[in-house]
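Working notes for the structure below.
All residue numbers in this chain count up from 1 along the given sequence.
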Amino acid sequence: MSIEKGVKSSPRKKQKAVFALQKESEKEELLSDSDVTDEPEKLEESDEEEQGMDSDSEMSSGGGDPFANDILQGSDDEDDEEEGSEGSDGDSDSDESDIEKRAKAIDDEKAREEEDAEAELQLNIKEEADEFRLPTPEMFPVVELMELIEAFEKPRPICLRTNTLKTRRRDLAGVLLNRGVNLDPLSKWSKLQSASSFLPVMALAPQEKERIVDMAAAPGGKTTYVAALMKNTGIIYANEMKESRLKSLTANLHRMGVTNTIVSNYDGRELPKVLGNNSVDRVLLDAPCSGTGVISKDESVKTSKNALDIQNCAHLQKQLILAAIDSVDANSKSGGYIVYSTCSIMVAENEAVIDYALKKRDVKLVPCGLDFGRPGFTRFRGQNFHPSLDKTRRFYPHVHNMDGFFVAKLKKMSNLKQTPQQQSETLGEVDEAPGLVESNEQNNVEGDGQKHQKKKAVVKENKKTNKKTNNGFTKLGTGEKAAASGNEKRVKRKRPSREEIAKTREEKRLALREAKRKAKTESKAASK
Ligand SMILES: C[S@@+](CC[C@H](N)C(=O)[O-])C[C@H]1O[C@@H](n2cnc3c(N)ncnc32)[C@H](O)[C@@H]1O
């Protein structure tokens, strides 16, 4: 009776019941014939149409479910058996071939689905690999690509940098030559390290007595070099987030005779809060990255990194670069620079990060001061970056005989956490104060609620920044002036300078006052 209900109300239940019964019979042979025949009897009770509907619904419900399909076939067979028992031979033959056709159709459908799933899987694998295929044909012509891949397999030459805090280059060279070492002078640059790791420090060009942050410093290869160039004057904040890497960092600093450095253990993204916004002259962000430029040193990169790793790196790098920019004082007399570097050759970790910074802060790219290296990409895979990205530098093992590397140097133009465009929008917001707005402008603003809200948010952030700056290390007055003059230089061609905007505003104010005064006089005259 319960089976009967199941058959009528739910074909699936019927299938499951039948399946269960079959299993039971196989196992225990407990199932009586009447139990089996009971079901079709009830099926017979229902009219043809109802059976057809049941059958259809079974087909569709079973479509995506292999288990259901098996049952469905079982069910059909059963129906067939039952129908066969009661129908003519001719009917039975045509039903059999009908069932065969349906079974074939189901098998075909299943096979097609499996094929589709496999094709989709392959497509996904292909897309993912393509996204992360290290050197892509978009980066290099195929012949060069082969050269790069081959170069990745070979070790790079070992370079020595003279630690000028401890010795002179000539003295070191003398000692080494006496011991039979062949020296091939590279540059005036004694520490064993990869030649590419000199580059970011050369681009940073640290000056004596400056305040400099090395945001991701361990094991200190670049910090020690910065200290040497500063002749141990000024202050270096050598920051490292991973506690386990602090030992090697401090050990190296001691070993190399560095005395102007404070080691800190923060997430780099927190540094502006810790040191203060706009508080240092230069920041070196030798960012944590995928390491896709140093395959000759770490072959595991080839297989251990996937597209998601690159994405995660890029996300962190974008956050870190904003923190680096926010830490620098645009009004530093000697500095105001940020150097960003990675040992990755992925565009997502390099050009895309810099392009993001250009869109988020008032910074511009300046030449790295390195007279070799290939210019960075200004477009890649349909992505267009700021044209100035050609000022960034890329280094490759097969071209420069050093690890793959990327270097970019940014100059901070103002201490406002805005791009010049955002700044003029902010000033526009002030203009749009009641009574100072020409009606069409007001309509525009009113017509674009989102834009209006964004501008307000910008004004708010602006106020916050100024407040923080006052509590921090910078002198706000001169800062604003310098920011204005810096912007003026950059925006002359396209948009009005701050002075021009201020002048227009003042004119509007005077005109408004004048109009009010006039209106008053007129109304007084009229009342007389
Ligand atoms: C490329 S290595 C730095 C190498 C170093 N500049 C040198 O020349 O010796 C990047 C460093 O960033 C550290 N790091 C990772 N995430 C960080 C974060 N959020 N803030 C600061 N440092 C981080 C890593 O532990 C790693 O030591």
Side-chain angles (χ1 to χ4, degrees), residues 272 276-278 322 325-326 328-331 336 356-364 386 411-528:
N277 274 317
N278 323 317
L322 293 191
I325 295 167
D326 293 344
V328 169
D329 179 12
N331 312 307
Y356 173 83
L358 291 171
K359 285 181 181 144
K360 292 281 174 190
R361 294 289 188 270
D362 191 7
V363 287
K364 66 170 188 176
H386 194 276
K411 168 92 177 113
K412 187 167 172 180
M413 304 310 292
S414 79
N415 283 335
L416 298 171
K417 279 189 185 172
Q418 298 168 316
T419 61
Q421 195 180 336
Q422 287 168 333
Q423 285 171 35
S424 53
E425 275 182 13
T426 311
L427 289 166
E429 168 73 10
V430 177
D431 269 354
E432 287 151 17
L436 294 173
V437 185
E438 276 148 35
S439 59
N440 57 346
E441 278 178 17
Q442 200 163 26
N443 285 342
N444 279 345
V445 173
E446 277 170 4
D448 187 349
Q450 262 188 333
K451 198 174 161 195
H452 190 69
Q453 266 185 348
K454 196 178 150 202
K455 281 177 186 170
K456 279 199 166 156
V458 170
V459 173
K460 222 172 154 188
E461 198 184 341
N462 200 5
K463 278 183 191 157
K464 240 163 83 183
T465 314
N466 286 347
K467 203 172 153 200
K468 273 189 195 159
T469 309
N470 275 332
N471 293 339
F473 294 78
T474 41
K475 300 166 218 121
L476 187 69
T478 53
E480 294 231 294
K481 249 187 244 163
S485 63
N487 287 337
E488 190 189 5
K489 253 185 238 161
R490 282 154 40 91
V491 298
K492 243 178 197 167
R493 268 169 289 136
K494 282 186 187 161
R495 38 187 114 69
S497 69
R498 279 166 158 259
E499 281 86 354
E500 281 166 342
I501 292 167
K503 200 177 151 197
T504 313
R505 213 162 42 178
E506 189 56 32
E507 278 168 9
K508 277 185 188 171
R509 254 190 231 124
L510 288 172
L512 188 77
R513 259 187 237 148
E514 186 57 33
K516 271 189 189 165
R517 209 179 296 134
K518 225 175 181 182
K520 247 188 198 173
T521 326
E522 276 170 15
S523 71
K524 265 188 195 168
S527 63
K528 271 182 191 171

Worksheet entry | With K360 via salt bridge (Lys or Arg N to Asp or Glu O under 4.0 Å) - residues at least two apart | none

Practice prompt. Name all residues meeting the salt bridge (Lys or Arg N to Asp or Glu O under 4.0 Å) criterion together with E507; count only those two or more places apart in sequence or in a different chain, and write none if there are none.
Written response: none

Fill in: salt bridge (Lys or Arg N to Asp or Glu O under 4.0 Å) evaluation trace for E506 with K503
CA-CA 5 Å; E506 189 56 32; K503 200 177 151 197; over 6 Å; no

Item to complete: Starting from the C-alpha separation in whole Å, work towards a yes-or-no answer on side-chain hydrogen bond (donor to acceptor under 3.5 Å, both in side chains) for D329 and N415.
Response: CA-CA 7 Å; D329 179 12; N415 283 335; 3.0 Å; yes

Taking all non-hydrogen atoms of both residues into account, name the closest pair between [X] and [Y] and its distance.
X	Y	answer
K359	T419	O-CG2, 2.9 Å
A357	I325	CB-CD1, 3.8 Å
M413	A330	C-CB, 3.9 Å
S414	D362	OG-OD2, 2.8 Å

Worksheet item: Can you tell if the side chain of L512 reaches within under 4.5 Å of the side chain of K508, non-hydrogen atoms only?
Response: no

Practice prompt. For residues K417 and N277, determine if any side-chain heavy atom of one lies less than 4.5 Å from a side-chain heavy atom of the other.
Written response: yes

N/O donor to acceptor pairs below 3.5 angstrom from side-chain atoms of residues 515-523, sequence neighbours left out:
unit_1, atom_1, unit_2, atom_2, d
R517, NH1, E514, OE1, 2.9
T521, OG1, R517, O, 2.6
S523, OG, A519, O, 3.4
S523, OG, K520, O, 2.9

Discussion item. Within the 3.5 Å criterion, strictly below it, is a donor on K412 or N278 matched to an acceptor on the partner's side chain?
Written reply: yes

